[in-house]
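Every value quoted in this text rests on a predicted model; they were computed, and no experiment measured them. Both ligands and their constituent atoms are indexed starting at 1 by order of listing.
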Amino acid sequence: MSHFKRAEIVVDLAAIRHNVATLKARLEPGVKFMAVVKADGYGHGRAEVGRAAREAGADWLGVATLDEALLIRTAGDRGPLLCWLTVPGEDYTAALEGDIDLSAYSVAELDEIEQAARSTGIAARVQLKIDTGLSRGGARREDWPALVERARKGEEAGWWTVTGIWSHLACADEPAHPANDLQEQAFREAVEIARQAGLRPELCHLANSAATVLRPSIHFDLVRCGIAIYGLDPAPGASPSDLDLIPAMTVRAQVAMVKRIQAGDSVSYSWLWTADRPTTLGLFPAGYGEGVPRNAGTLGVDAEVGLNGARHPVRGRICMDQFAFDLGDTQASPGDEVVLFGPPAADGTRPTAQDWAEACGTINYEIVTRIGGRLERVYLDSERDA
Ligand SMILES: *Cc1c(COP(=O)(O)O)cnc(C)c1O
């Protein structure tokens with residue numbers, strides 16, 4: 001009988017530390033490392049991952065929203081912390097009191113930040129974002145000189161320090177894509193414009209995980225690594241072979257039921273799959289209510305689970321709470337451990353988040369980030385628990 005719950009997410013904090021240290025080893029001395037823990041640490045737990053990343057030498061933590069940044073402070077982290085997605089009316093007072101670096105995309109945001117600096121008497125820390133081609137957040141090139149000028153004036157007035165200039169890549173996982181050169185060039189120009197306006201930010205940064213491993217020329221002063229600290233390949237097929245990352249997340253469950261079916265029996269909603277010979281089905285007790293994609297295995301690539309040293313394909317639709325997988329003629333019992341995905345096994349018998357991404361027509365980021373729902377998350381430390 002298994003010792004764990006119905007179904008759970010297990011996160012190995014030793015893997016996080018290993019991945020941060022491995023990625024940091026790719027950097028020139030002096031380049032800072034930001035561990036990106038937005039979206040609850042890509043589903044791994046922002047506070048726990050943040051703590052492990054700091055232990056392994058992460059200088060900065062990065063998140064999207066101000067709420068996430070405040071939760072990191074509530075969890076006790078006092079180190080350098082950047083957030084980059086705010087909306088009008090955001091509680092900048094709390095940001096200043098929490099010593100959180102804010103990103104500004106527009107003069108209107110700087111106006112709001114100035115109000116908070118006036119009312120609290122605390123000088124903000126502001127990182128300006130230039131849109132170099134992603135066309136998402138950030139100031140466009142034509143709006144950049146005005147943003148930079150406003151930022152310089154506010155710095156002189158004492159409302160803030162401009163601590164950084166940064167941007168984000170559109171195609172970092174495709175190293176030969178022309179966008180990479182264009183964005184690097186646009187970024188260098190934006191930094192030069194800011195320098196000419198008198199700004200001297202301590203940090204210029206552009207690289208995400210993929211650029212950290214594929215494009216050292218744009219490490220600048222800091223790299224922002226998300227997916228790679230969780231041990232997943234940021235650029236499957238393009239990454240160097242010496243990545244040496246360890247996936248930190250395992251999702252496992254107890255087999256809920258085992259049953260024999262006959263040739264001609266169909267499985268799950270809409271009867272998408274029909275057995276052409278007698279076989280044994282196992283029942284996995286989690287489904288799209290836990291973030292297992294409903295389209296798994298319907299796009300021509302089998303989704304698989306791992307059990308007793310073999311892979312077994314999902315059969316029929318993933319349901320809200322459960323799905324069936326095909327044991328063939330292998331033996332299994334209710335209560336046996338079945339793994340949805342985890343770090344690769346040496347013999348290939350355990351599916352990975354990347355395998356699930358391919359079976360669902362998505363990327364490994366989405367697989368780990370969406371997993372949750374009713375699953376309990378537990379932590380282990382494969383180095384220290386032994
Ligand atoms: C999510 C995010 C990152 C991290 O990207 P990865 O590809 O996961 O390394 C870096 N910078 C910004 C602005 C992001 O939104």
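A ring pair (Phe, Tyr, Trp, His ring centres under 6.0 Å) check over residues 191-222, counting only residues at least two apart or in different chains, returns the pairs W166-H205, F187-F220.
Under the side-chain contact (heavy atoms from CB on, under 4.5 Å) criterion, A345 pairs with D347, T349, R350, not counting sequence neighbours. The side-chain contact (heavy atoms from CB on, under 4.5 Å) test applied to R73 returns D77, R78, L81, D99, I100, not counting sequence neighbours.
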Could you give the N/O to N/O pairs under 3.5 Å linking ligand 1 and the protein, each with its distance?
{"unit_1": "ligand 1", "atom_1": "7 (O)", "unit_2": "Y365", "atom_2": "OH", "d": "2.6"}
{"unit_1": "ligand 1", "atom_1": "8 (O)", "unit_2": "Y42", "atom_2": "OH", "d": "2.6"}
{"unit_1": "ligand 1", "atom_1": "8 (O)", "unit_2": "I227", "atom_2": "N", "d": "2.8"}
{"unit_1": "ligand 1", "atom_1": "9 (O)", "unit_2": "S209", "atom_2": "N", "d": "2.8"}
{"unit_1": "ligand 1", "atom_1": "9 (O)", "unit_2": "S209", "atom_2": "OG", "d": "2.5"}
{"unit_1": "ligand 1", "atom_1": "9 (O)", "unit_2": "G226", "atom_2": "N", "d": "2.9"}
{"unit_1": "ligand 1", "atom_1": "11 (N)", "unit_2": "R224", "atom_2": "NE", "d": "2.8"}
{"unit_1": "ligand 1", "atom_1": "11 (N)", "unit_2": "R224", "atom_2": "NH2", "d": "3.4"}
{"unit_1": "ligand 1", "atom_1": "15 (O)", "unit_2": "K38", "atom_2": "NZ", "d": "2.6"}
{"unit_1": "ligand 1", "atom_1": "15 (O)", "unit_2": "W84", "atom_2": "NE1", "d": "3.4"}

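Note on R6 versus E290: salt bridge recorded, some NZ/NE/NH1/NH2 to OD/OE distance being below 4.0 Å.
Side chain of D265 to backbone of I261: no donor-acceptor contact under 3.5 angstrom is found.
A donor atom on one side chain and an acceptor atom on the other are found under 3.5 Å apart for Y379 and E48.
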